[in-house]
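This report refers to the structure that appears directly beneath it.
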Amino acid sequence: MAEKKKFKINFFDVVIILIVICVGAGLYVFTHRDTTVETKKLTYMIEINKATPGLENYIRIGDNLTENTKNYNMGKVAAVETIPYTKLTPDYENNVFRDSVDPTCETVLITVEANVTESPSGFAVDGQYVVRAGTEIFVKGEGYAGEGYIVKVNR
């Protein structure tokens, strides 16, 4: 008759058991961490220059805006305003530059409301899109798109 071998724990068995325990503890800590982040309401204004006249008719209050290059959520439209588009043109008689109205374009000001998280570097909408004054943006909504800048941020 054959004798049964006795089970003996060796060094490699201990190492494998420790690795399994560490992986299990890591998974527990990763899945049970506190993910509540304090959000604040932020209002900021986007200026879209050289817009086709009538663009403001497509922008509705409550529309969700999306950053066009990476598809980040930017918030909801709170207000829309248009002003005449002006550009610098030379006045040769007086040898100066003056603002003159371009009748073929408009400037559209879109006020956006978003819930943001605050960090030392700025405000992040949904933890992705960072809102900073002076940032060039490419924005799109339902049926329209434009290029402009963030010109005003209100906390």
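Please read all numbers here as calculations on a predicted model, not as lab measurements.
- Between N49 atom CG and E147 atom CD the span is 9.0 Å, to the nearest 0.5 Å.
- How far NZ of K8 is from CG of N10: 9.5 Å, rounded to the nearest 0.5 Å.
- Taking hydrophobic clusters as Ile, Leu, Val, Met, Phe, Trp and Tyr residues chained together by side-chain heavy-atom distances below 4.5 Å, F12 shares a cluster with V23.
- At a threshold of 4.5 Å between side-chain heavy atoms, the hydrophobic network of Ile, Leu, Val, Met, Phe, Trp and Tyr places I19 and F11 in one connected group.
- The number of heavy-atom neighbours closer than 6.0 Å to NZ of K41, taken from other residues, nucleotides and ligands shown, is above 12.
- Among all heavy-atom pairs drawn from A133 and V153, the shortest one is N-CG2, 4.0 Å.
- Within the model, atoms CD of E47 and CD1 of I150 stand 12.0 Å from one another, a figure rounded to the nearest 0.5 Å.
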- Go through V139 and T66 one step at a time and tell me if the side chain to side chain contact (heavy atoms under 4.5 Å, CB included) criterion holds. CA-CA 6 Å; V139 64; T66 306; over 6 Å; no

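- Between G75 and V125, the closest heavy-atom pair is N-CG1, 4.3 Å.
- Remark: I9 CD1 is loosely packed, at most 12 non-hydrogen atoms of other residues, nucleotides or ligands lying under 6.0 Å away.
- Separation of atoms NZ (K87) and CG (D102) is listed at 4.5 Å; rounding is to 0.5 Å.
- Other residues, nucleotides and ligands contribute at most 12 non-hydrogen atoms within 6.0 Å of the OH atom of Y58.
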- Test side chain to side chain contact (heavy atoms under 4.5 Å, CB included) applied to E67 and Q128, step by step: CA-CA 10 Å; E67 200 272 333; Q128 295 177 330; over 6 Å; no

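- The two residues T111 and M45 have their closest heavy-atom pair at OG1-CE, 3.7 Å.
- Neither V151 nor V112 shares a network with the other; the hydrophobic side chains, linked directly or stepwise wherever heavy atoms of I, L, V, M, F, W or Y lie under 4.5 Å apart, form separate groups for each.
- Contact between Y149 and G134 at its shortest, heavy atoms only, is CD2-O, 3.7 Å.
- Annotation: K50, atom NZ; neighbour count of heavy atoms from other residues, nucleotides and ligands within 6.0 Å does not exceed 12.
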- Item | Steps toward side chain to side chain contact (heavy atoms under 4.5 Å, CB included) verdict (D126, Y72) | CA-CA 8 Å; D126 293 338; Y72 291 156; over 6 Å; no

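- Cluster membership check: Y85 does not share its hydrophobic cluster with V108, using side-chain heavy-atom separations under 4.5 Å among Ile, Leu, Val, Met, Phe, Trp and Tyr.
- Between the CD1 atom of I61 and the CD atom of E113 there is a distance of 10.0 Å, given to the nearest 0.5 Å.
- In this structure, V80 and E56 approach most closely via the heavy-atom pair CG1-CB, 3.9 Å.
- Inter-residue side-chain proximity for K70 and Y129 is flagged as unmet; no heavy-atom pair is nearer than 4.5 Å.
- Here CD1 of I46 is found 4.0 Å from CE of M74. Values are rounded to the nearest 0.5 Å.
- When all heavy atoms of T39 and T117 are compared, the pair lying nearest together is CG2-CG2, 4.0 Å.
- Distance alone, capped at 3.5 Å, places no donor-acceptor pair between the N94 side chain and the V96 backbone.
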